Undergrad: 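Okay, here's the structure, questions in a sec.
Letters A, B, ... are given to chains in the order of the sequence lines, protein chains preceding strands, and every chain is numbered from 1. Fair warning: this is a prediction, and the values are worked out from it, not measured in the lab.
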2 protein chains.
Amino acid sequence: MLYRNFTIKVFIMLNLIPEPCCTLEISGAEQEKLVRMFKALGNPIRFEIMKFLVTHPGCITGDIVTFLPIAQATVSQHLKVLRQAGWIEGITSGPATNYCLHEANITWFRQKVGAIF
Amino acid sequence: MLYRNFTIKVFIMLNLIPEPCCTLEISGAEQEKLVRMFKALGNPIRFEIMKFLVTHPGCITGDIVTFLPIAQATVSQHLKVLRQAGWIEGITSGPATNYCLHEANITWFRQKVGAIF
DNA sequence: CTCCTTTATCGTAAAAGTACGATATAGTAA
DNA sequence: TTACTATATCGTACTTTTACGATAAAGGAG
């Protein structure tokens, strides 16, 4: 990333690309997290899971498996992606796991998108 | 989708999944468009292109190719994905193409995300 | 302890995405 | 017309994602 920023400055000095009109306040780990959140919701099944969790907060994995026309292993995999991206959080209760939206991260996502674009 | 909605209702009647706490106002073509927009920005190179367009509105493909460490063909492909997703629009001017953000779609994206999550 | 329920993980096959060089297209200039 | 510039598309390797069945792990009941 340091190399990239240096390259940009050289290119601007040489007039190879136009002057930037403004600056952006995202890069590094924050940007990676944002891209990961975008990627996670860029899948129809995972979007459907998120919608289900909005209307069924605190439900367990089995409810989602019953709701969706795909195998339990696949649902578990999608939940892992959503969890690692920060969209949801799972709370273990006995052998089951209750899932709900990660409100703080969702708010962060909205704020970042609003600030950048 | 009709079959899915029917299945959901049957499951709810049979108490196989908990009652929904609320309703959602997205489905069908709108949902597909939203997922496509999420997916398009779920790639680090395309996110970088979007950032570049924020700070360099109206620049041409060549500027982005100069800026990024990837081949011209790949940049063109990424621009196509962003265009088809609705994030950007390209205006042909002579042999070149000027790209800028699709403000209306971006506003729509922010509003939808805010309304759903 | 055993048995059952619930969920996560493993291994793997099929599908989709990403990257590149080569080529095609389309506009401008001479 | 030819030559040049800028970009899009084609064909094709390579990588990643997605889906499944099978299995493992972990808690609760008896």
Side-chain angles (χ1 to χ4, degrees), chain A residues 4 11 14-18 32 35-50 52-53 56 58-85 87-100, chain B residues 4 11 14-18 32 35-50 52-53 56-100:
Chain A
R4 160 102 30 107
F11 282 156
L14 298 174
N15 272 331
L16 289 177
I17 50 176
E32 282 171 32
V35 171
R36 209 178 313 126
M37 290 187 82
F38 269 108
K39 187 174 190 174
L41 273 200
N43 172 286
I45 295 284
R46 285 195 290 269
F47 192 88
E48 208 65 58
I49 291 176
M50 280 294 286
F52 188 78
L53 285 179
H56 302 79
C59 74
I60 64 173
T61 310
D63 295 328
I64 304 172
V65 173
T66 304
F67 170 69
L68 292 174
I70 57 176
Q72 177 266 324
T74 311
V75 172
S76 189
Q77 203 169 270
H78 281 306
L79 285 170
K80 187 178 181 181
V81 173
L82 286 173
R83 201 159 11 96
Q84 288 179 337
W87 283 109
I88 64 174
E89 48 191 343
I91 296 153
T92 303
S93 68
T97 308
N98 293 91
Y99 282 101
C100 55
Chain B
R4 160 102 31 105
F11 282 156
L14 298 174
N15 272 331
L16 290 177
I17 50 178
E32 283 171 30
V35 172
R36 209 177 312 125
M37 290 185 81
F38 269 108
K39 188 174 190 174
L41 273 200
N43 171 288
I45 295 285
R46 284 195 290 270
F47 192 88
E48 209 65 59
I49 292 176
M50 280 293 285
F52 187 77
L53 286 179
H56 302 79
C59 74
I60 65 173
T61 310
D63 295 328
I64 303 171
V65 173
T66 304
F67 171 70
L68 292 173
I70 56 176
Q72 177 266 325
T74 312
V75 172
S76 190
Q77 203 168 270
H78 281 308
L79 285 169
K80 187 178 180 181
V81 173
L82 286 173
R83 201 160 9 96
Q84 289 179 337
W87 283 108
I88 64 174
E89 49 191 343
I91 296 155
T92 304
S93 68
T97 308
N98 293 92
Y99 281 100
C100 54

Undergrad: Output yes when at least one side-chain N/O atom of A:Y99 is less than 4.0 Å from OP1 or OP2 of C:dT6, else no.
TA: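 Answer no for this pair, as no side-chain N or O of A:Y99 is under 4.0 Å from OP1 or OP2.
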Undergrad: Compare every heavy atom of B:G58 with every heavy atom of B:N98, then report the nearest pair and how far apart it is.
TA: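 Closest approach of B:N98 to B:G58, heavy atoms only: ND2-O, 2.5 Å.
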Undergrad: Starting at CG of A:N98 and ending at P of D:dA26, how long is that distance when rounded to a whole Å?
TA: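 So the CG-P distance, A:N98 to D:dA26, works out to 19 Å.
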Undergrad: Nearest-Å distance, CD1 (B:I45) to P (D:dT16)?
TA: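 Answer to the nearest Å: 14 Å.
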Undergrad: OP1, OP2 of C:dG17 versus side-chain N and O of B:R46: anything below 4.0 Å?
TA: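 For C:dG17, OP1/OP2 do not have a side-chain N/O of B:R46 under 4.0 Å.
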Undergrad: B:R36 has an atom CZ; how far is it from atom C1' of C:dA16, in whole Å?
TA: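 In whole Å, C:dA16 C1' and B:R36 CZ are 16 Å from each other.
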Undergrad: Both B:I60 and A:I70 contact DNA chain D. Which one's nearest nucleotide lies toward the 5' end?
TA: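 Of the two residues, B:I60 wins.
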Undergrad: State whether A:H78 places a side-chain N or O below 4.0 Å from either non-bridging phosphate oxygen (OP1 or OP2) of D:dT17.
TA: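 Indeed not, no polar side-chain atom of A:H78 lies that close.
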Undergrad: Please give, in whole Å, the distance from D:dT23 P to A:Q72 CD?
TA: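 Going from A:Q72 (CD) to D:dT23 (P), I get 15 Å.
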Undergrad: Check every strand shown and say whether B:S76 touches a base, only sugar-phosphate, or nothing at a heavy-atom separation below 4.0 Å.
TA: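 B:S76: base contact, heavy atoms under 4.0 Å.
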Undergrad: Would you say C:dA16 has OP1 or OP2 under 4.0 Å from some side-chain N or O of B:K39?
TA: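 The answer is no; no side-chain N or O of B:K39 sits under 4.0 Å from OP1 or OP2.
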Undergrad: Measure CD1/A:I49 against P/C:dT7 and give the value in whole Å, please.
TA: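 Taking atom P of C:dT7 as the reference, CD1 of A:I49 is at 13 Å.
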Undergrad: How far apart are the closest heavy atoms of A:E48 and A:L68, and which atoms are they?
TA: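 Where A:E48 meets A:L68 most closely, the heavy atoms are CG-CD2, 3.9 Å.
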Undergrad: Using whole Å, what does the distance between atom C1' of nucleotide C:dT7 and atom CZ of A:R83 come to?
TA: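 Atom-to-atom, A:R83 to C:dT7, this comes out as 10 Å.
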Undergrad: So does A:T92 get a side-chain nitrogen or oxygen closer than 4.0 Å to the phosphate oxygens (OP1/OP2) of C:dT7?
TA: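 So the side-chain polar atoms of A:T92 never come under 4.0 Å of the phosphate oxygens OP1 or OP2 of C:dT7.
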Undergrad: B:A73 near the nucleic acid: base, sugar-phosphate alone, or nothing, with a heavy-atom cut-off under 4.0 Å?
TA: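 Since a base atom lies under 4.0 Å of B:A73, the category is base.
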Undergrad: Which part of the nucleic acid, if any, lies within reach of B:T74 when heavy atoms closer than 4.0 Å are counted: base, sugar-phosphate only, or nothing?
TA: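 Base, at least one base atom sits under 4.0 Å.
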Undergrad: When you check the phosphate oxygens OP1 and OP2 of D:dT18, does a side-chain N or O of A:N43 lie under 4.0 Å from one of them?
TA: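 A:N43 to D:dT18 OP1/OP2: side-chain N or O found under 4.0 Å.
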Undergrad: For the residue pair B:W87 and A:F38, does the interplanar ring angle fall in the parallel (under 30°), tilted (30 to 60°) or perpendicular (over 60°) class?
TA: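 B:W87 and A:F38: perpendicular rings.
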Undergrad: Among the candidates C:dT7, D:dT5, D:dA8, find the nucleotide nearest to the side-chain atoms of B:T97.
TA: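 Shortest atom-to-atom distance from the side chain points to D:dA8.
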Undergrad: Calculate the interatomic distance between A:K80 atom NZ and D:dC20 atom P; express it in whole Å.
TA: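 After rounding, the reported distance stands at 18 Å.
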Undergrad: Measuring only between side-chain heavy atoms, which start at C-beta, is B:F52 closer than 4.5 Å to B:D63?
TA: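 Result yes, sub-4.5 Å side-chain heavy-atom pair found.
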Undergrad: Looking only at heavy atoms, what is the nearest atom pair of B:I60 and B:A96, with distance?
TA: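 Looks like CG2-CB, 4.1 Å.
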Undergrad: Just how far, in rounded Å, is C1' of D:dT9 from CG of B:L79?
TA: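 These atoms are roughly 14 Å apart.
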Undergrad: Using only modelled atom types and a 3.5 angstrom limit, is any donor from either the side chain of B:Q77 or the base of D:dA8 paired with an acceptor on the other?
TA: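 In this structure, the two groups form no donor-acceptor pair.
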